[in-house]
Enquirer: 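Sharing a structure with you now.
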Amino acid sequence: MSRKEMLKKSLVAMPLLGLAAAGTAQGAEHFTDRPDQLPRNLPPTPECNDGDPATPPQTEGPYFKPNSPQRTNLVEPGMPGVRLTVSGFVFTRACRPVPQVLLDFWQCDNGGQYDNVGYRLRGHQFTDAQGKFLLATIWPGLYPGRTRHIHVKVQAPNRPILTTQLYFPGEPRNNTDPIFDPRLLMNIRTVGDAREGTFDFVLNFR
């Protein structure tokens, strides 16, 4: 078994912080709840092998705020929206997991609004010793002119910042959003009333 396969198996066993609790369906109006209706033959999340291309950068957008709180759970009491966990690893192009990588996430709420006053649905965290991360959040709504997405900045110690976005399969607006990049699609599955997404970041060093 390869090192990456072992890491993946350890990720499957990671506790999901009890986030399989029911959430409302608001903000998911264009998303099918049935796994058998998810689009097939999607480009998979990039596998990490020697010589793999780095995760592509994307625009920061107008709503980034520095100094977000350090937290892995962005869900606040009473917050509407389908519960979503996003997990994965950060690798180098040589498939080495990178510990202590800073990941700063921000997104709109289930109504498509960003909090530009406080830090709602904003937070940063660090990968563990295996390069693993886990984010607890909600299914984002639709911001005007964009497809559904989550923003993220990724920075390994003493390395440049990667600013990019994560996307959702099966979104009608994926076909019309000029920023959308299929290489940044998460793998998504439905678990009860919640969703689980996975994505591995590959940073541009070995």
Side-chain angles (χ1 to χ4, degrees), residues 23-35 37-46 53-69 71 73-76 79-88 102-125 133 135-155 161-190 194-202:
T24 71
Q26 298 178 23
E29 62 275 11
H30 295 294
F31 177 75
T32 176
D33 288 339
R34 294 180 52 187
Q37 292 182 352
L38 287 173
R40 302 183 183 278
N41 301 318
L42 287 170
T45 297
T55 300
Q58 291 227 303
T59 177
E60 179 182 282
Y63 299 128
F64 172 70
K65 288 182 63 175
N67 304 315
S68 69
R71 56 187 177 183
N73 189 350
L74 307 185
V75 181
E76 299 173 3
M79 178 178 285
V82 174
R83 293 328 190 224
L84 168 69
T85 59
V86 180
S87 59
L102 170 67
L103 297 105
D104 196 343
F105 294 96
W106 70 103
Q107 66 173 81
C108 63
D109 63 18
N110 74 322
Q113 299 295 315
Y114 286 88
D115 179 7
N116 296 314
V117 176
Y119 287 93
R120 194 174 193 225
L121 292 170
R122 300 174 183 268
H124 73 272
Q125 60 179 277
F133 71 91
L135 175 72
T137 184
I138 64 167
W139 196 264
L142 288 168
Y143 179 78
R146 293 296 319 278
T147 190
R148 213 177 302 274
H149 62 282
I150 296 175
H151 293 270
V152 58
K153 287 181 178 286
V154 186
Q155 185 177 26
I161 298 172
L162 166 67
T163 301
T164 193
Q165 302 180 37
L166 300 179
Y167 294 103
F168 295 77
E171 291 291 332
R173 292 191 186 181
N174 289 351
N175 297 322
T176 58
D177 188 331
I179 302 174
F180 170 75
D181 188 333
R183 295 173 294 176
L184 295 168
L185 278 167
M186 292 182 285
N187 293 315
I188 299 287
R189 68 172 186 156
T190 300
R195 308 286 186 270
E196 293 180 3
T198 58
F199 189 87
D200 295 334
F201 295 96
V202 180

Enquirer: Using modelled atom types and a 3.5 Å cut-off, is there a donor and acceptor pairing between side-chain atoms of K65 and backbone atoms of V117?
Expert: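 Side chain of K65 to backbone of V117, a donor-acceptor pair under 3.5 Å: yes, one is there.
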Enquirer: With heavy-atom distances below 4.5 Å as the criterion, would you say the side chains of M79 and L74 are in contact?
Expert: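 Not touching, per the 4.5 Å side-chain cut-off.
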Enquirer: Quick one: closest heavy-atom pair of L185 and F199, and the distance?
Expert: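 Looks like O-CD1, 3.6 Å.
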Enquirer: Specify the closest pair of heavy atoms between Q107 and H149, including all atoms of both residues, with the distance to one decimal.
Expert: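 Closest approach of Q107 to H149: CB-O, 4.4 Å.
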Enquirer: Rounded to the nearest 0.5 Å, how far apart are CG of L103 and CD of Q125?
Expert: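 So the gap between those two atoms works out to 5.5 Å.
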Enquirer: Once rounded to the nearest 0.5 Å, what's the spacing between atom OG1 of T85 and atom CZ of R83?
Expert: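 If we round to the nearest 0.5 Å, T85:OG1 and R83:CZ are 12.0 Å apart.
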Enquirer: List the atom of D104, the atom of S68, and the distance in Å for their closest heavy-atom pair.
Expert: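 Looking at all heavy atoms of both residues, the closest pair is OD1-OG, 3.1 Å.
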Enquirer: Which atoms form the tightest heavy-atom contact between G88 and D200, and what is the distance?
Expert: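 Closest approach of G88 to D200: CA-OD1, 3.5 Å.
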Enquirer: Would E171 and D177 count as a side-chain contact (heavy atoms from CB on, under 4.5 Å) here? Give the steps.
Expert: CA-CA 10 Å; E171 291 291 332; D177 188 331; over 6 Å; no
Enquirer: Is a donor on one side and an acceptor on the other found under 3.5 Å between the side chain of Q58 and the backbone of I179?
Expert: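 Flag set: sc Q58 to bb I179 pair under 3.5 Å.
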Enquirer: Kindly assign one of parallel, tilted or perpendicular to the pair F180 and Y167, based on the angle between their ring planes and the thresholds 30° and 60°.
Expert: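 Correct class here is perpendicular.
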Enquirer: CD of Q155 to NE2 of H124: how many Å apart, nearest 0.5 Å?
Expert: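 Rounded to the nearest 0.5 Å, the CD-NE2 separation comes to 11.5 Å.
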Enquirer: Any chance you could lay out the side-chain contact (heavy atoms from CB on, under 4.5 Å) test for W106 and E60, step after step, and finish with the verdict?
Expert: CA-CA 10 Å; W106 70 103; E60 179 182 282; 4.1 Å; yes
Enquirer: With a 4.5 Å cut-off on side-chain heavy atoms, are T137 and L121 touching?
Expert: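 Touching, per the 4.5 Å side-chain cut-off.
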Enquirer: In Å and rounded to the nearest 0.5 Å, what is the CG to CG distance from L162 to L102?
Expert: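 Here the rounded value is 11.5 Å.
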Enquirer: If I take atom CZ from residue R173 and atom CG from residue L142, how far apart are they, to the nearest 0.5 angstrom?
Expert: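 With rounding to 0.5 Å, CZ (R173) is 4.5 Å from CG (L142).
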Enquirer: Is a side-chain N or O of T164 found less than 3.5 angstrom from the main chain of P56, in a donor-acceptor match?
Expert: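 Yes: the side chain of T164 pairs with the backbone of P56.
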Enquirer: Between L84 and P140, what is the shortest heavy-atom contact and its length?
Expert: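 Scanning both residues, the minimum pair turns out to be CD2-CD, 4.5 Å.
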Enquirer: List the atom of G141, the atom of C108, and the distance in Å for their closest heavy-atom pair.
Expert: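 In this case the closest contact between G141 and C108 is O-SG, 3.4 Å.
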Enquirer: Not counting sequence neighbours, which residues clear side-chain hydrogen bond (donor to acceptor under 3.5 Å, both in side chains) with R122? List them please.
Expert: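 Partners of R122 under the side-chain hydrogen bond (donor to acceptor under 3.5 Å, both in side chains) test: N116.
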Enquirer: Report yes if some heavy atom in the side chain of P57 is under 4.5 Å from a heavy atom in the side chain of T163; otherwise report no.
Expert: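 They are not in side-chain contact.
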Enquirer: Please evaluate residues F168 and R195 with respect to the criterion side-chain contact (heavy atoms from CB on, under 4.5 Å), reporting the C-alpha separation (whole Å), side-chain torsions for both, the decisive distance (0.1 Å), and the verdict.
Expert: CA-CA 11 Å; F168 295 77; R195 308 286 186 270; over 6 Å; no
Enquirer: Under 30°, 30 to 60°, or over 60°: which ring-plane class applies to F105 and F133, parallel, tilted or perpendicular?
Expert: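 Tilted, since the angle between the ring planes falls between 30° and 60°.
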Enquirer: Of the options V152, I150, T147, T59, which is the one that meets Q165 in a side-chain contact (heavy atoms from CB on, under 4.5 Å)?
Expert: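 The passing option is T59.
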Enquirer: Using the rule given for side-chain contact (heavy atoms from CB on, under 4.5 Å), can you reason through I138 versus V75, listing the C-alpha separation, both sets of side-chain angles and the distance that settles it, and then say yes or no?
Expert: CA-CA 7 Å; I138 64 167; V75 181; 4.2 Å; yes
